[in-house]
Participant: 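Take a look at this one; I'll ask things after.
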Amino acid sequence: MNTKAVTSREFAVQVVRTLTNAGHIAYWSGGCVRDQLIGRIPKDYDVATNATPEQVRDIFGHRRTLPIGQSFGVITVLGSKPAAPIEVATFRRESSYSDGRHPDEVAFTDAREDAQRRDFTINGLFYDPLTDALHDFIGGEEDIRRGIVRAIGDPAERIAEDKLRMLRAIRFAATFGFQLESHCLETIRRCASQIHVVSAERITVEMQRMLSHGHRATAVDLLVKSQLLAEILPESPLVFGDEKAQAAVLSSIGQLPEGASFSQAISVLLNDRPGRALRDVVEQLATRWKLANAERREVTGLCVAIPTIVEATKQTWPLAQRALTRTDPHRLIQVARVIAAANQLDPSGVDFCDREVKKPREQWDPVPLLDGNQLSELGIPAGPRVGRLLASLRDAQLLGDVQTAQEARKWIQAKVKSD
Ligand code: ATP
Ligand code: MG
């Protein structure tokens, strides 16, 4: 096989060519075929073939293949950079799913039957990049053209086999702007309470993908309609709140900027109004969803600081300034802005903070004038008093009352005397 630097797409063609030249059937499969028909650049390419995993390893060589998924018929074929590795899956049928998560056994078969085990018609297509032929055994092309997410076969059976498919259905519908076929939606609603058999990590990955996408409002709407939100995020006022609270959250989620982060979206889903006490709620959610520490901190930072930003002009600047330095200030302002708007609150506090953080950082967050060591040089022994003095000095600095290190020393000495 040619080993010069190629793109992932070129490499995916080469893999099919190599398998075909060795006398096997090989197609691109699943998500990459769908993405190409929709007109999106595939995130990755998967290949399906009638070669067995052992044959795939022999054809590409053991050095260039990884057998990580061999037990369920998948061999990873490594390309040279920048081409991403490609998963080559032997056509398979999956028999039963007694636990609602994993197939019990794997048997190799042909493309037609392999299409049947896939989740949605839009994901069940094969494409031969050598002949430009589409192999559609399940009506996927038409559903892509019409923009419909439809289960392959009976949605109740397909969801019973693998409950994660409920979230995948919603993600595909929302991110592609497709309709979720009504039987499928109805079945998800009936089965929503069973989502908990899926691991927290997999639920979280789906939620991250839906909520960091520009179409997050559609995803949230479908999560509400399917009753999955009540199972996954019962802490949201969308689940327990009155109509006014629900309307506020929906309005905020719809107004977040397209590129908003997962943490911003979660903060908005938890806040119908500024000032809800959420520290414990966020902790509980972060533990359940196994969020990374950075995300946990960001969601907490945003939730705790929202009221301070909304009220910034009614309080002292150092209060808002500290809130803005504890988390990403631009993200915090975006979240505070949409929540204020959803509650018809005066935006002047948010506008004020926005103007401040657009200035060079050293203007609104200047380097502190003194530190603990410098205080000890002034004869103030280490202890809680040092922290208090430094915090008061910081306030004075942020308010413009003290501007140089020399002034700061004098200010401290006067403060110590008067205490
Ligand atoms: P994306 O990669 O954009 O999330 P995808 O459809 O490619 O979408 P993958 O998880 O990469 O999703 O899976 C590749 C293909 O494997 C899918 O297109 C589908 O045919 C099949 N597949 C994946 N997960 C499931 C599942 N839970 N049930 C049935 N088929 C699945
Ligand atoms: Mg994929």
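Indexing begins at 1, ligand by ligand and atom by atom, following the structure's order.
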Participant: Against heavy atoms of G31, which atoms of ligand 1 measure under 4.0 Å?
Facilitator: 5 (P), 6 (O), 7 (O), 18 (O)

Participant: Could you check whether any heavy atom of F120 sits closer than 4.0 Å to an atom of ligand 1, since that is the contact criterion I want to use?
Facilitator: no

Participant: Of the backbone atoms (N, CA, C, O) and the side-chain heavy atoms from C-beta on, which set of D119 has a member under 4.0 Å from an atom of ligand 1: side chain, backbone, both, or neither?
Facilitator: both

Participant: Can you list the atoms of ligand 1 that are under 4.0 Å from a heavy atom of R171?
Facilitator: 4 (O)

Participant: Would you check whether D46 reaches within less than 4.0 Å of ligand 1, judged by its heavy atoms?
Facilitator: yes

Participant: Does the side chain of Y27 come within less than 4.5 Å of F91's, by heavy atoms?
Facilitator: yes

Participant: Counting only heavy atoms not in Q179 (residues, nucleotides, ligands), do more than 12 fall under 6.0 Å from its CD?
Facilitator: no

Participant: Indicate whether any N or O donor in one side chain lies under 3.5 Å from an N or O acceptor in the other, for S251 and Q255.
Facilitator: yes

Participant: Using heavy atoms and a 4.0 Å limit, tell me yes or no: is R117 in contact with ligand 1?
Facilitator: yes

Participant: Measure from atom 20 (O) of ligand 1 to every heavy atom in I152, N123, V33, D35 and give the option owning the shortest one.
Facilitator: N123

Participant: Give a yes or no on whether a salt bridge exists between R57 and E54, defined as a side-chain N under 4.0 angstrom from a carboxylate O.
Facilitator: no

Participant: Hey, are D119 and R165 close enough for a salt bridge, meaning a charged N less than 4.0 Å from a carboxylate O?
Facilitator: no

Participant: By salt bridge (charged side-chain N to carboxylate O under 4.0 Å, His left out), which residues pair with E157, not counting sequence neighbours?
Facilitator: none

Participant: When you measure from atom 21 (C) of ligand 1 to each heavy atom in R34, R118, K163, which option holds the nearest one?
Facilitator: R118

Participant: Heavy atoms only: which of R209, R168, R165 is nearest to atom 13 (O) of ligand 1?
Facilitator: R168

Participant: Restricting to N, O or S atoms, which atom of D44 is closest to the Mg ion (ligand 2)?
Facilitator: OD1

Participant: With sequence neighbours left out, write down each residue that passes salt bridge (charged side-chain N to carboxylate O under 4.0 Å, His left out) with D44, or none if nothing qualifies.
Facilitator: none

Participant: Which of the numbered atoms in ligand 1 are below 4.0 angstrom from a heavy atom of F172?
Facilitator: 6 (O), 8 (O)

Participant: Any heavy-atom pair between the side chains of V47 and W28 that's under 4.5 Å?
Facilitator: yes

